[in-house]
> 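One structure, pasted below without further comment.
This chain uses plain numbering: 1 for the first residue, then up along the sequence.
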Amino acid sequence: MDETKPRKRKGLQNGDADQKSIQSQESNTMNLKKQVGLISGISLIVGTIIGSGIFISPKSVLSNTGAIGPCLIIWAVCGVIATLGALCFAELGTMITKSGGEYPYLMEAFGPIPAFLFSWSSLIVMKPSSFAIICLSFAEYVSAAFYPGCDPPVVVVKCLAAAVILTITLVNALSVKLASYVQNFFTAAKMIIVIIIIVSGIVLLAQGKTQNFENSFDGATISVGGISLALYNGLWAYDGWNQLNYITEELKNPYRNLPMAIIIGIPLVIVCYILINISYFTVLTPTELLQSQAVAVTFGDRVLYPAAWVVPLFVAFSTIGAANGTCFTSGRLAYVAGREGHMLKFLSYISVKRLTPSPAIVFYGIIGMIYIIPADIDTLINYFSFAVWLFYGLTIAALVVMRFTRKELKRPIKVPIVIPIVMVLISIYLVLAPIIDKPELAYLYCVLFILSGLIVYFPFVHYKVKWAQKITRPITMFIQMLMEVVPPEETKE
């Protein structure tokens with residue numbers, strides 16, 4: 001008995017010596033620093049929402065409405081829904097100033113199980129597969145320029161997408177400031193092409209190109225199923241309005257900058273989306289728009305020739321900006337989940353030299369790289385997109401619940417209670433509408449996957465089985481030595 005205690009103590013000293021020395025010498029590096037200001041916050045929101053969709057294929061909304069008038073109304077309605085959702089998240093973000101998006105709010109309101117299921121679904125499927133889709137879109141768009149008249153080889157597209165994921169992951173793992181500068185640059189670049197398209201449209205309207213807007217409601221195919229699918233596609237284009245809540249802990253003055261970035265960023269996106277669509281319709285008829293493979297390129301060929309080459313260039317910039325913003329924010333979800341013990345612990349570790357959650361970002365990049373391998377993951381995205389609104393609705397319901405259960409929490413921003421209630425009802429509609437309209441077993445498989453997280457949660461998170469800890473401990477030590485990372489300091493609430 002007397003020999004075992006000193007031996008155990010000695011083992012602890014040897015195992016933790018490097019970590020303790022690093023912590024004592026670098027005690028100011030144990031938490032992520034507040035390096036994201038208002039401009040970078042606005043750039044993150046605008047840059048993540050405006051990806052490639054509005055430039056390449058805005059036809060999904062039109063195809064479900066059948067006419068220009070209802071199409072523009074749907075784009076405006078989707079913008080209003082995104083704004084209301086963002087206002088709810090502004091209250092949540094200033095009430096609970098933790099990074100990780102929906103995760104800390106679900107944890108605070110409903111406990112660890114819903115929070116874990118969100119992190120499980122998001123980190124394994126929803127976030128990295130979206131990241132892969134964005135990078136594949138960029139790769140297809142860029143490689144097509146080198147293969148005129150035919151589709152680029154699949155190997156070329158996948159290798160280019162992998163290179164993009166690797167580059168973006170490296171940038172975000174190296175420096176928060178560098179990632180912010182990259183985001184600001186690509187957001188500015190995409191705003192240039194947005195302005196070019198909008199100004200061109202306004203000039204054409206001033207010249208009397210209004211024939212496509214005459215009888216703009218003729219031919220409309222209005223149905224409950226069609227409207228729901230149009231809303232679904234429109235809201236997918238607006239997705240990203242909650243991105244700033246993923247990095248709340250790194251925001252300078254979050255009580256001011258979080259709501260300000262939302263109030264400035266979301267309306268800016270709404271105006272851009274509606275004006276871009278109007279510009280498209282000044283040149284293209286609804287039939288031509290539906291037949292176009294890349295609407296912005298078709299627009300550029302007709303309006304900007306011989307300078308039409310600027311459109312694909314800036315669309316590529318726009319896609320890179322959206323991918324960078326996605327990586328920047330989603331890496332923080334892995335970091336926060338690891339910090340709470342819901343994911344591998346080393347995911348919450350912070351680089352001593354660079355002050356970034358580099359293990360979490362690298363983990364996210366690796367999962368994203370895996371999703372490039374399958375032939376087609378568009379179907380996976382479509383079926384899991386209803387789960388996005390499932391968690392949105394649950395998170396906004398958490399806001400309503402905490403109005404009664406956590407009255408003591410300070411609320412610098414307090415939205416009228418009717419807004420979150422309306423948003424919960426909209427979320428329920430958006431979750432159920434595609435299932436009712438076109439029921440498929442794939443939706444059941446998605447629900448089963450989400451619930452399968454419980455198989456992981458109870459043994460590894462709740463009961464913390466000892467054999468799993470024995471396996472992860474040497475992995476954690478290896479990651480610490482390889483990446484020079486240490487655990488974050490526990491902050492007082």
Side-chain angles (χ1 to χ4, degrees), residues 31-32 36 41 44-45 48 85 89 92-93 96-110 112-134 165 168-169 172-173 176 179 183 239-251 254 258 322-351 356-371 381 384-385 387-392 394-396 398 449-450 453 456-457 461 485 487-488:
N31 286 317
L32 299 177
V36 181
L44 185 63
I45 290 176
T48 308
F89 271 69
L92 287 164
I96 302 170
T97 54
K98 291 182 179 179
S99 295
E102 294 91 327
Y103 180 85
Y105 315 140
L106 292 171
M107 175 79 83
E108 198 74 35
F110 301 122
I113 291 179
F116 175 81
L117 292 179
F118 168 74
S119 63
W120 163 260
S121 305
S122 295
L123 291 175
I124 302 301
V125 177
M126 292 192 290
K127 300 289 184 182
S129 57
S130 296
F131 186 34
I133 282 284
I134 294 170
I165 288 179
I168 291 172
T169 301
N172 281 272
V176 173
Q183 190 64 37
D239 198 40
W241 44 264
N242 63 330
Q243 292 299 296
L244 219 51
N245 292 71
Y246 281 85
I247 60 161
T248 309
E249 293 172 27
E250 294 166 82
L251 269 179
L258 177 62
N324 182 73
T326 301
C327 182
F328 188 85
T329 56
S330 298
R332 271 58 181 177
L333 173 58
Y335 160 76
V336 174
R339 187 175 65 187
E340 296 293 335
H342 283 186
M343 289 288 160
L344 294 168
K345 199 67 180 176
F346 66 78
L347 293 178
S348 69
Y349 286 13
I350 298 170
S351 171
T356 61
S358 48
I361 293 169
V362 171
F363 169 81
Y364 179 70
I366 291 170
I367 300 296
M369 201 89 73
I370 291 170
Y371 278 106
I381 287 285
F384 262 92
S385 57
V388 173
W389 276 97
L390 175 67
F391 286 114
Y392 279 161
L394 199 59
T395 305
I396 295 169
F449 173 82
I450 294 170
V456 177
Y457 175 79
V461 177
V485 292

> Please find out if less than 6.0 Å separates the ring center of Y457 from that of W120.
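Not under 6.0 Å, so no.
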
> Decide yes or no for L44 and Y246: does some side-chain heavy atom of the first lie under 4.5 Å from some side-chain heavy atom of the second?
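No. Closest side-chain heavy atoms not under 4.5 Å.
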
> Check whether Y335 reaches the backbone of I361 with its side chain - one donor and one acceptor, N or O, closer than 3.5 Å.
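Checked: no pair found.
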
> Less than 3.5 Å apart, any donor N or O on the side chain of Q243 or T48 sitting next to an acceptor on the other?
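No, no side-chain donor-acceptor pair sits under 3.5 Å.
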
> Looking only at heavy atoms, what is the nearest atom pair of G338 and L347, with distance?
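The pair with the smallest heavy-atom distance is CA-CB, 4.5 Å.
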
> Can you tell me which residue among I247, L244, T97 is in a side chain to side chain contact (heavy atoms under 4.5 Å, CB included) with L258?
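Exactly one pass, corresponding to L244.
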
> If we only count heavy atoms from C-beta on, is the Y103 to L123 side-chain gap below 4.5 Å?
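No. Closest side-chain heavy atoms not under 4.5 Å.
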
> Using side-chain heavy atoms (C-beta onward) and a distance below 4.5 Å, is F110 in contact with L394?
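Side-chain contact under 4.5 Å: yes.
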
> Go through the structure and list residues passing side chain to side chain donor-acceptor pair (under 3.5 Å) with E340, not counting sequence neighbours.
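Partners of E340 under the side chain to side chain donor-acceptor pair (under 3.5 Å) test: none.
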
> If you measure from NZ on K98 to CG on L92, what distance do you get to the nearest 0.5 Å?
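Answer for the NZ-CG pair, K98 versus L92, is 13.0 Å.
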
> Considering all heavy atoms of both residues, which atom of A132 and which atom of G368 are nearest to each other, and what is their separation?
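For A132 and G368, the tightest heavy-atom pair comes out as CB-O, 3.6 Å.
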
> Salt bridge check, E249 against R332: does any charged N sit closer than 4.0 Å to a carboxylate O?
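Result for this pair is no, no salt bridge flagged.
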
> In Å, rounded to the nearest 0.5 Å, how long is the span from CE of M343 to OG of S119?
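Atom-to-atom, M343:CE and S119:OG are 4.0 Å apart.
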
> Using side-chain heavy atoms (C-beta onward) and a distance below 4.5 Å, is C327 in contact with F131?
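With C-beta onward as the side chain, the pair touches.
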
> Would the distance check show the side chain of S121 and the main-chain N or O of F118 forming a donor-acceptor pair, the cut-off being under 3.5 Å?
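It does not hold such a pair.
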
> CG of L333 to NE2 of H342: how many Å apart, nearest 0.5 Å?
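Result: 12.0 Å between the selected atoms.
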
> Using the rule given for side-chain contact (heavy atoms from CB on, under 4.5 Å), can you reason through Y371 versus V125, listing the C-alpha separation, both sets of side-chain angles and the distance that settles it, and then say yes or no?
CA-CA 9 Å; Y371 278 106; V125 177; 3.5 Å; yes

> Under the side-chain contact (heavy atoms from CB on, under 4.5 Å) rule, what do V36 and F328 come out as? Steps first, then yes or no, please.
CA-CA 11 Å; V36 181; F328 188 85; 4.1 Å; yes

> Report yes or no: does T248 contribute a side-chain atom to a donor-acceptor pair with the main-chain N or O of N245 at less than 3.5 Å?
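Judged by distance alone, yes, a pair lies under 3.5 Å.
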
> Short question: side chain of E102, backbone of T395 - any donor-acceptor pair under 3.5 Å?
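Checking the backbone N and O of T395 against the side chain of E102, no donor-acceptor pair under 3.5 Å is found.
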
> Give, for atom CG of N242 and atom CD1 of I396, the distance between the pair rounded to the nearest 0.5 Å.
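Going from the CG atom of N242 to the CD1 atom of I396 covers 9.0 Å.
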
> List the atom of P488, the atom of I350, and the distance in Å for their closest heavy-atom pair.
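Taking every non-hydrogen atom into account, CB-CD1, 3.8 Å.
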
> Between OG1 of T169 and CD1 of I366, what distance do you get to the nearest 0.5 Å?
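Taking OG1 in T169 and CD1 in I366, the distance rounds to 8.5 Å.
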
> Does a side chain donor of either Y364 or N172 reach within less than 3.5 Å of an acceptor in the other side chain?
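No, no side-chain donor-acceptor contact under 3.5 Å.
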
> Evaluate the ring planes of W241 and F89, with Trp represented by its six-membered ring, and classify them as parallel (under 30°), tilted (30 to 60°) or perpendicular (over 60°).
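Ring orientation of W241 relative to F89: perpendicular.
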
> Okay, side chain of S129, backbone of M126: is any donor-acceptor separation there less than 3.5 Å?
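Pair found, side chain donor or acceptor close to backbone of M126.
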
> Looking at every heavy atom in both P104 and G101, which two are closest together, and how far apart are they?
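Closest pair (atom of P104, atom of G101, distance): CD-O, 3.1 Å.
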
> Got a donor-acceptor contact below 3.5 angstrom from the T329 side chain to the T326 backbone?
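Yes, because the side chain of T329 sits within donor-acceptor range (under 3.5 Å) of the backbone of T326.
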
> Under 3.5 Å, side chain of T356 to main-chain N/O of A173, donor-acceptor pair present?
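Indeed, once roles are kept as given, a pair shorter than 3.5 Å links the two residues.
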
> What distance do S348 atom OG and R339 atom CZ have between them, rounded to the nearest 0.5 Å?
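S348 OG to R339 CZ: 8.0 Å, rounded to 0.5 Å.
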
> Could you tell me if the side chain of V485 sits less than 4.5 Å from the side chain of F346, heavy atoms only?
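Side-chain contact under 4.5 Å: no.
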
